[in-house]
Participant: 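Quick one: the structure is below, and I'll ask about it shortly.
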Amino acid sequence: MIDRLRAPIFFALVAGALLWTGLNQSWNTALVIFNMGLISAVMSLGVNLQWGIAGLLNVGIMGFVALGGLAAVLIAMPPVKEAWNAGGGAILLGLAIGAASIAIAATAYRRMHKGLLRGLALVVILVGGFYLTRIIATPAIKAVEAINPASTGYLGGLGWPVLIAWPVGGLMAAGAAWVIGKTALGLRSDYLAIATLGISEIIIAVLKNEDWLSRGVKNVIGIPRPLPYEVDLQKDAGFIEQAASLGLDPVTASTLYVKLGYGILFAVVLLILLWLAQNALNSPWGRMMRAIRDNEVAARAMGKNVTARHLQIFVLGSAICGIAGAMMTTLDAQLTPSSYQPLRYTFLIWVMVIVGGSGNNLGAVLGGFLVWFLWVQVEPFGQFLMGVITSPLSDGSFLKEHLQAGAAHMRLLTMGLFLLLMLRFNPKGLIPEK
Amino acid sequence: MDTLNALVAFSNFVAIPAVAYGSQLALGALGVTLVYGVLRFSNFAHGDTMAFGAMIVVLLTWLLQSWGVSLGPLPTALLALPVGIIVTAGLLVATDQLVYRFYRKHKSPPVIFLIVSLGVMFIMNGLVRFVIGPGDQRFFDGQRFIVSVREFKAMTGLREGLAIKTTQGLTVVTAVIVVAVLFWFLNKTRTGKSMRAYSDNEDLALLSGINPERVVLVTWLIVAALATVAGALYGLDKSFKPFVYFQLLLPVFASAIVGGLGNPVGAIAGGFVIAFSEVTVTYAWKKVLVYALPDQWEPSGLMQLLTTDYKFAVSFVILVIVLLFRPTGLFRGKAL
Amino acid sequence: MSEPFLIGDSMTGGYGNGPDILHDCTVAVEKGEIAVIVGPNGAGKSTAMKAVFGMLDVRQGAVRLDGEDITNLSPQDRVLKGMGFVPQNNNIFTSMTVEENLEMGAFIRTDDFSETMEQVYHLFPILREKRQQQAGELSGGQRQQVAVGRALMTQPKVLMLDEPTAGVSPIVMDELFDRIIEVARTGIPILMVEQNARQALEIADKGYVLVQGRNAYTGTGQELLADPEVRKSFLGG
Amino acid sequence: MIKVENLHKHFGGFHAVDGASLEIAEGSITGLIGPNGAGKTTLFNVIAGVHAPTSGRVTLKGEDITGLPPHELFHKGVLRTFQIAHEFSSMTCRENLMMVPAGQSGETLWNTWFGRKKIAEEEEALRAKADEVLEFLTISHLADHKAGQVSGGQKKLLELGRTMMVDAKIVFLDEVGAGVNRTLLNTIGDAIIRLNKERGYTFVVIEHDMDFIGRLCDPVICMAEGKVLAEGTLEEIKANEHVIEAYLGTGLKNKQKGAA
Amino acid sequence: GFTGPIESTVAHMGPAADLAIKEVSDSGKLLGGATVTPVHGDTGCIDSAGAVAATERLVTADGVKGIVGGDCSGVTGAMLQNVARPNGVVMISPSATSPGLTTAEDDGLFFRTAPSDARQGKIMADIMMDQGIESAAVTYTNNDYGKGLADAFQAAYEAAGGTVTLSAPHEDGKADYSAEIGALASAGGDRLVVAGYVDQGGSGMVRAALDSGAFDTFQFVDGMISDKLIENFGAEIDGSAGQHPSPSPELAARFKEIAGGNGFEPTYAFAPESYDAAALILLAMQAAGSSEPADYKSKVMEVANAPGEPIQAGELAKALDILAAGGDIDYIGATGVELVGPGEAAGNYREMTVEGGMDKTVGFR
Ligand SMILES: Nc1ncnc2c1ncn2[C@@H]1O[C@H](COP(=O)(O)OP(=O)(O)OP(=O)(O)O)[C@@H](O)[C@H]1O
Ligand SMILES: Nc1ncnc2c1ncn2[C@@H]1O[C@H](COP(=O)(O)OP(=O)(O)OP(=O)(O)O)[C@@H](O)[C@H]1O
Ligand SMILES: [Mg+2]
Ligand SMILES: [Mg+2]
């Protein structure tokens, strides 16, 4: 009985927390948290699919999220014509050669017999391909990066509407996941974890260092939006009128309008994904996946193609993370590779899944909202807590100053405390698997 | 002569730093591996445990230095180590009692432990910054070099110099000793065996009269010692800065895993594999080749296989390749 | 009648917060005797053993060893009191060698146990051959032998075995029963669960038939073997 | 039906299966006995694709199936049970059975979204079938219990139950009897005979209970040290000196412990 | 940015800004006695989403009228586009120096008291050429700051005839820099240009270079120059040089004086800039006679630049008086603020060298 009520109660709680934020802080804040909460929920849905349902320990979420972000740049930014002229073709050719050499190596690996010859052939093909790629692409890359480096210096994107980047982000993440899955899915638990963690670091390294692709650490800013700009709204007479009729000043109205717009877009994506995930989970497919998670050996013996299923779910879960990544970059309107940190984009998502209840889609979604809410709100809370602790101390005392200087670090501490308390009283998550 | 110069350049920029860094990683990896081996979870709080232990050592060293105590050529911090270990052990045991014990009782699966350790990490992280602040702290004293570049050049008359730092020497020696002792302890002593038994099958260990709480306690004590030693040595060699210890976690885990989780010898091997792969693949071989090759072959470019941008990528690629051919690491680790 | 050496007296209990599995169930064994528990699958035999060993909550009733109430002792304290137990599943340390498994059996002993180990090797010669092999790599029957060997290493005052002969070959089974008789003769009481019920009851001084967590029949081994009802329902005709 | 030719399986330097050759006739119930560690389970594992053989060949009706992965063998009708029960511990007993049949339309993601009606129908049928099997194994009351929380013997029953969910051609049973109540074992024996007679399943049975072997199996193969030691009817085997020495023994020395 | 990679620098920036605010508040002269309360938000330096959420909270919940921040260029861009512009709030960043921000669309809301890195690159190249150093290796912290600076330097240096043997990034806060040093040493060069942070990888790189004998002298950028650098290396880096935005020793000394004892290190990079950023916001408010960003944003440039009465750090009360009386001021502040182009500091640079383990001023550019 209580168990049935858990989900509604907790979701009501989160809604309440957002309402509280809206009333006490501001609706804009509440909406910002809500929007990132939606994105977080999508990510944790993807991770839950992989871990909660298939038992795959993917600690490379960050990489897939970043790929989604890259998709937003590649789709939505306007192309940089001079850069294309300077070396776009050569770069693509170089990449194609690189890809081809890997493909050839893979076929050689399969066709040739085990032995020294094969090893040698592989090395020759791969190293040769690598150098050929470099020879062709390096000058082109230099040329591209030299074009107005402070504001472009990259190839730019396709200039399409950014919404297209969402599915494309999913596809790119899926593609990467497919390659990774093909090679690394044979690994067990923690070993797979560190492999994925490493691969995600590699993806970030590429984003940071390949300036021609997405400006590297110089960031791409001003990615076009799917929604109107606040400043434009504020100039739109019709909008101002409508806002006034609601009793809002144009600034508040425009900011709320845009955030609400994002919220609706994200919510639609989340609901669709949730519907798909729920149906999949509560079906023979979900049963098969749980069987595989419980006991791979037996599942194999019962005719289930464990390898293929693992690959399938790894690709799907990663694709969802990619979609979320594209959504996030759309919301931020910029891609900042150095902001991708495992703590934030991998471990925090894991915390969401586990706190919410792994194996349960609703739990994952709840965890996404709740943990994100805490992550944002914990900071003022930490300062508040510090204030309380130091209030009995006399002003200007060394201890007080020291403690207050440390208040900023209370965020992590408080977050840790919340996490531990939450897990202490709900070791299986807030909405556990049935 | 030129070959010698090549060799020295190679040692100075590749071999020595890699060995020292490898030992540093190995010391960290030992702690991770031990927790994994006995308590069966990936302890993400280990980096911050190292930071905590090192912090205590730093504070004590300052105290000692203010008293004018010194160890001659060796860093004073070595004197502070034992106390640092004790305080860290206290912290870990308290954490265990307050946090982990509950999940052990409930027989929670390893990921729950992992996530819990993340929570612990957050808290320790805050704690350390809170006490000592986020900045750089220096506490090294004593003689900086065993051999310095200038001395070496003067001594040998070579064009290339060679430096070995005291801390590098200390780290390598400590790592080797610690591994040997740990290996002996786990495989030959009664307590060590009981720890392995506990990690293998908790219920059955209980039925054999092994006191699980004692095993856990001993494990944390050793982990405290390892973390403090590793943290302090690392801090001596570079400098103490809380955030770096968190960053260290990644290569440390990579080392533990390449070597095979749960296996102390693997931790050492893994540390070296990671360190060497990082340094060698991104090294610009020009300097060495200039000496080693006849003049007419002198390389025009830098002879760098990959730019250092991809340093981490390299170590992870190596890691993935190792795992593909030996799925549980070089030294056959555990898989949960 | 004096109190038996080890008795689980009118135990009622179950796993965690789950329903009761045992209902007022009594099992006991005297010094030097062999007591055998038989019954259909899921009757609660293993549960009863675990209850006696303190591995689950006994909600009503008591467990007494040599007259002393040990109901509230932890399993580990019971080991110290001289109880040895071979569970039905997960009964070896898979990542340790055979020899280390045996050493762990002798963990609480402070005297020299090499002689006992010699005896175990004598009993199960295959283990001597495989002493340096990881126990997890052994065949099913070999594992079972390691498990029993481990318990024997404790030199317990009372030995509890949950299906020690499951999966062992006839020749080893005979050896094992022989050895069990020998051990019992030295005065150590043995409480065991068996599905090879016929052979087991033949050597049993006392037999318990459990059905759905309750004592259904109790008697000497021979009595139970002779009881047509018992034969038909549990011994396969 | 299955032909094993000069099969070797080495673990490091240890020869677990060391040149075994045998043939399983279609429609037979073949018993496989042998001392602990003889290599019986390893042989099963090699045939079932869990281990790759070091050398040798396995054929199914003339088709080479050496080294095929387990799930492909399953689709060819080769099933096996595990000596140490491999249940799906967090799923209910019924689900443990329902997951078995291959080709369920609900196992394709597309159908779980857009073919829900068909799935519902199939599930209905599967459920009925699973309940029937549970009934047969006398564990209907456990249908909704988590498989991880049933007794040791019950897990073994589930193992067997899974093979009854599909139309298999050949079933390898690894000690289904160990830990199973003898009366129930007899019923299981009856079921095996019935499946064999009525549905034409071929069985290979590893078992240490000679009564059970005797009631079911003809022929019986005895393995020792990775090789086939003897082959024939149980009577012949029982009379074989080597088999007695290595495997059967001569019975209890201290038949009655009352002697003390 | 109280947590994350540059957290130790930021620890001195927040209090510096607070100091200016306190000074103004205490004077009781702002807009006829208004008090100003600082509210802090953590951008995390690298977590755009987190920074946006925090800023959003500051602006919409706490109702701040102006923002001193953000710290790192990446998040600053995000804050500007997602919060400041939509809400029309003025942002003055004391430390975001990325050249990219120069051209960012800002509706006249964004200013910085730190100069763009493009300028520093040029100056650094000049300094080195003047010293006759014609080949150098560069290592930069791998973010928009380091990369931008390294690129700017390389372009200027090569244009002036210098050679960059290798320009290699280093990641901040990593465990080991042997690989980077190995590569740089092999590439060679007369000097190693360190475009990083002193309490980050920058020091790590210098340490590793010294220890292995790869380089003896260095050229430091603003992120590297502080007392900490001297404290860390002292005489070991004798002969090294550097430059950082700084008005004149008098101003610096003055700021040190008024800032002492306020719980931060006034010489830390960007601490004076933070002070100035906060002061500028408040003075602009005073000048506009309104705390509404829409009203005072246009005044920022006015109060910052000539003509008018020069105002130094610590003289905020005086400035408020003048403004209240309708007068004009030229805010000099702690760093000699002079805003150019779309509102960024023009940048006066101090050229320094290390001699006998001491920081020695060579001149100003
Ligand atoms: N993974 C492994 N590594 C090393 N040795 C192994 C491994 N698996 C099995 N063995 C060895 O192979 C031999 C045969 O084992 P197998 O399990 O096939 O025996 P079995 O005939 O099934 O015995 P039982 O009747 O006891 O089940 C045993 O001696 C065992 O120790
Ligand atoms: N860990 C557990 N948690 C909850 N219930 C359990 C657990 N283990 C067993 N049970 C339940 O307790 C009942 C008795 O199980 P038990 O293992 O005692 O049977 P058993 O008599 O030993 O049977 P077998 O001969 O098959 O081993 C079973 O119905 C089972 O469902
Ligand atoms: Mg049982
Ligand atoms: Mg077997």
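Residue numbers start from 1 in every chain, and the chains themselves are labelled A, B, ... in the order their sequence lines are given, proteins ahead of strands. Worth saying up front: this structure is predicted, and the values here are computed from it rather than measured. Computed from heavy atoms alone, side chains included, the values below leave out hydrogens, waters and symmetry copies.
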Participant: For D:His8, give me all partners under side chain to side chain contact (heavy atoms under 4.5 Å, CB included), at least two apart in sequence or on another chain.
Facilitator: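 Per chain and number, D:His8 pairs via side chain to side chain contact (heavy atoms under 4.5 Å, CB included) with D:Asn6, D:His10, D:Asp18, D:Thr54, D:Ser55.
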
Participant: Please examine the side chains of D:Asn181 and C:Gln195, heavy atoms only from C-beta on, and report whether any two atoms are closer than 4.5 Å.
Facilitator: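 When only atoms from C-beta onward are counted, D:Asn181 and C:Gln195 do touch, with a gap below 4.5 Å.
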
Participant: Tell me, for D:Phe14 versus chain C, whether the close heavy atoms (under 4.5 Å) come from the side chain, the backbone, both or neither.
Facilitator: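 Just its side chain gets close to chain C.
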
Participant: Out of C:Ile180, C:Val168, C:Asn89, return the one with the most heavy atom pairs under 4.5 angstrom to chain D.
Facilitator: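 Ranked by heavy-atom pairs under 4.5 Å with chain D, first place is C:Val168.
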
Participant: Heavy-atom pairs under 4.5 Å with chain C: which of D:Leu142, D:Val150, D:Ile84, D:Val180 has the most?
Facilitator: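 Maximum pair count with chain C is reached by D:Val180.
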
Participant: Taking atom NZ of C:Lys232 and atom CG of D:Asn186, what is their separation to the nearest 0.5 Å?
Facilitator: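 Atom-to-atom, C:Lys232:NZ and D:Asn186:CG are 12.0 Å apart.
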
Participant: Using heavy-atom distances under 4.5 Å, tell me whether D:Ala85 contacts chain C through its side chain, its backbone, both, or neither.
Facilitator: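 No part of D:Ala85 comes within 4.5 Å of chain C.
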
Participant: Under 4.5 Å, counting heavy-atom pairs only, tell me which of D:Glu207, D:Arg182, D:Met210, D:Glu245 racks up the most with chain C.
Facilitator: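 Looking at each of D:Glu207, D:Arg182, D:Met210, D:Glu245 in turn, D:Arg182 comes out on top.
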
Participant: Search all heavy atoms of D:Asn36 against all heavy atoms of C:Gly167 and return the closest pair with its distance.
Facilitator: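 Taking D:Asn36 first and C:Gly167 second, the nearest heavy atoms are ND2-O, 3.0 Å.
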
Participant: How close do D:Gly153 and C:Asn41 get, counting heavy atoms only, and between which atoms?
Facilitator: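 Scanning both residues completely, I find the closest heavy atoms to be CA-ND2, 3.2 Å.
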
Participant: Do C:Ile171 and D:Leu248 come within less than 4.5 Å of each other through their side chains, counting heavy atoms only?
Facilitator: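 When only atoms from C-beta onward are counted, D:Leu248 and C:Ile171 do not touch, as no gap falls below 4.5 Å.
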
Participant: Step through the shown structure and confirm whether more than 12 heavy atoms of other residues, nucleotides or ligands are within 6.0 Å of NZ on D:Lys129.
Facilitator: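 More than 12 heavy atoms, drawn from other residues, nucleotides or ligands, come within 6.0 Å of this atom.
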
Participant: At a 4.5 Å cut-off on heavy atoms, which part of D:Ile244 comes close to chain C: side chain, backbone, both, or neither?
Facilitator: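 The backbone, not the side chain.
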
Participant: Among C:Gly39, C:Gly42, C:Ala166, which residue forms the greatest number of heavy-atom pairs with chain D at distances under 4.5 Å?
Facilitator: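 Ranked by contacts with chain D, first place is C:Gly42.
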
Participant: For chain C, which residues from residues 214-226 of chain D lie under 4.5 Å away (heavy-atom distances)?
Facilitator: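 Hits under 4.5 Å: none found.
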
Participant: Relative to chain C, which segment of D:Leu184 carries a heavy atom at a distance below 4.5 Å: side chain, backbone, both, or neither?
Facilitator: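 Just its side chain gets close to chain C.
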
Participant: Provide the closest heavy-atom pair for D:Gly34 versus C:Ser169 in the form atom of the first, atom of the second, distance.
Facilitator: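 That would be O-CB, 4.4 Å.
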
Participant: Considering only heavy atoms, which portion of C:Glu137 lies under 4.5 Å from any heavy atom of chain D: side chain, backbone, both, or neither?
Facilitator: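 Interface part for C:Glu137: neither.
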
